[in-house]
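Being a predicted model, the structure only gives us computed values, none of them experimental. Lettering follows sequence order; numbering is per chain, from 1.
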Protein chains: 2
Amino acid sequence: MPAHRLDPIDRKILAELQADGRMTNVELARRVGISAPPCLRRVRTLEEQGFIKGYHAEVDSRELGFEVQVFASVGLQSQAEADLRAFEDRCRGWPLVRECHMLNGEVDFILKCVAPDLSTFQAFLTEQLLTAPNVASVKTSLVIRCAKDEPGVPFDVLEERLSRTA
Amino acid sequence: MPAHRLDPIDRKILAELQADGRMTNVELARRVGISAPPCLRRVRTLEEQGFIKGYHAEVDSRELGFEVQVFASVGLQSQAEADLRAFEDRCRGWPLVRECHMLNGEVDFILKCVAPDLSTFQAFLTEQLLTAPNVASVKTSLVIRCAKDEPGVPFDVLEERLSRTA
DNA sequence: CAAGAATATGAAAGATTATTGCGTCGATGT
DNA sequence: ACATCGACGCAATAATCTTTCATATTCTTG
């Protein structure tokens with residue numbers, strides 16, 4: 001856990017930029033309590049060291065016509081490393097698959113998929129996913145509604161944890 | 001699907017900002033082929049109309065010490081709307097739960113959770129989630145590795161779809 | 001404990017960018 | 001054909017970003 005190379009100011013910077021990635025550097029500097037130049041240097045360092053992997057606009061997919069979200073649990077026939085890699089590569093090539101996580105337990109993978117409508121997803125399911133090599137079973141669950149969607153780090157938990165260690 | 005109020009330039013703006021949310025407005029304008037002022041006006045409009053819901057830095061949670069990711073499938077005893085809402089509210093209050101989606105099928109909810117280590121998650125599981133009111137069953141799956149994680153809109157699919165309709 | 005090295009800071013200046021105001025062009029509809 | 005409306009681009013101003021540099025702080029080392 002190499003979060004120890006980060007001081008409280010760095011963590012505050014990460015928390016602020018996670019909440020608002022387009023914040024002005026002067027505003028960011030004001031919030032973390034230092035002046036603008038060192039603040040910008042810290043941000044650049046955090047980017048170079050990989051703590052910040054990028055910046056993204058959060059686009060409303062439903063407004064853009066992607067009204068269907070589906071979680072798909074996938075079981076494979078062979079769990080040999082080469083076969084796992086092959087399936088992961090295939091997922092990376094499917095634009096409707098936005099996330100692909102390998103799991104322990106009976107299910108090998110869970111996929112988060114999006115689609116403009118149900119028929120589009122059904123077509124993808126039957127023509128691509130179900131017919132892909134090595135796929136043994138697929139169980140899909142439609143997302144009825146999303147109650148919480150805040151990817152990222154819970155900085156409040158991190159701070160509380162560090163304060164108890166210190 | 002009100003994506004029809006968006007012309008190709010707007011969609012290009014959304015795609016570019018989704019890929020790089022801190023892109024300079026002049027660079028963005030150059031890429032979409034218009035000058036800076038109207039480009040900024042379009043971005044502001046997209047923000048006001050809700051197509052852009054925010055900007056976020058992508059922070060590496062593992063580098064910050066959150067090495068455990070878990071998907072939890074939750075079944076409730078009562079699916080009355082009030083009880084569903086109550087569980088969703090509880091999820092919003094748990095910082096370790098980053099996503100909460102209500103599903104169709106046998107599983108009522110799927111949660112994406114993070115934790116610094118397994119014991120922290122186990123404590124959350126046994127003391128918070130399993131003992132929460134109305135929770136009937138919880139099945140957890142540890143994430144072994146993540147092959148793809150690109151939340152957002154597949155703009156290539158959108159463009160191809162629009163070109164076929166036109 | 002003191003001296004020096006390494007690192008981080010803040011002020012100032014110059015370069016880049018964001019933002020406003022305004023005149024012009026093209027599309028729409030009467 | 002003409003007026004209206006909306007969007008564009010140019011120019012100017014305001015704000016921000018980014019570098020430079022001198023100083024202060026911390027950490028190491030003798």
Practice task
Quickly work out the B:Asp10 CG to D:dA7 C1' distance and round it to whole Å.
Solution key: 12 Å
Problem - Nearest listed nucleotide, side chain of A:Ser35, among D:dT18, D:dT16, C:dG10 - result: C:dG10
Completion exercise
Side-chain contact check for A:Val26: nearest option of D:dC17, C:dT19, C:dT9 is D:dC17
Handout entry: Nucleotide of D:dC17, D:dC8, C:dA8 approaching A:Arg42 most closely (side-chain heavy atoms)
Key = C:dA8
Exercise for the section: Can you tell me the distance, in whole Å, between the CD1 atom of B:Ile34 and the P atom of D:dG6? Expected result: 18 Å
Handout entry: Point-to-point distance, once rounded to the nearest 0.5 Å, from CD of B:Glu99 to NZ of A:Lys148
Key = 10.0 Å
Exercise for the section: Answer yes or no: is there an ion pair linking B:Glu48 with B:Arg44, defined by an N-O contact shorter than 4.0 Å? Expected result: no
Exercise for the section: Among A:His56, A:Gln18, A:Glu58, A:Arg22, find the one that has a side-chain hydrogen bond (donor to acceptor under 3.5 Å, both in side chains) with B:His56. Expected result: A:Glu58
Practice task
Considering non-hydrogen atoms only, spot the tightest contact between A:Ala36 and A:Asn25 and give its length.
Solution key: O-ND2, 3.2 Å
Exercise for the section: Would you indicate whether A:Glu106, at its atom CD, is surrounded by more than 12 heavy atoms from other residues, nucleotides or ligands within a distance under 6.0 Å? Expected result: no
Handout entry: Side chain of A:Pro38 - closest among D:dT18, C:dT19, C:dT9
Key = C:dT9
Fill in the blank from the handout: Between CG of A:Leu40 and C1' of C:dA11 the distance, given in whole Å, is 16 Å
Exercise for the section: Measure from CZ on A:Arg30 to P on D:dA15 and round the result to the nearest Å. Expected result: 16 Å
Exercise for the section: Remember a base hit wins even if backbone is also touched, and classify B:Arg41 as base, sugar-phosphate or nothing at under 4.0 Å, heavy atoms. Expected result: base
Handout entry: Rounded distance in Å - CD1 (A:Ile9) to P (C:dT9)
Key = 6 Å
Exercise for the section: Would you mind telling me which residue lines up with the more 5' stretch of DNA chain C, A:Cys39 or B:Thr24, judged by nearest nucleotide? Expected result: A:Cys39
Completion exercise
Between CG of A:Asn25 and P of C:dT16 the distance, given in whole Å, is 18 Å
Problem - For atom CD of B:Glu27 and atom P of C:dT17, their distance in whole Å - result: 9 Å
Problem - Below 4.0 Å: OP1/OP2 of C:dT19 and any side-chain N or O of B:Arg44 - result: yes
Practice task
Figure out the CE/P separation between A:Met23 and C:dA18, and round it to whole Å.
Solution key: 17 Å
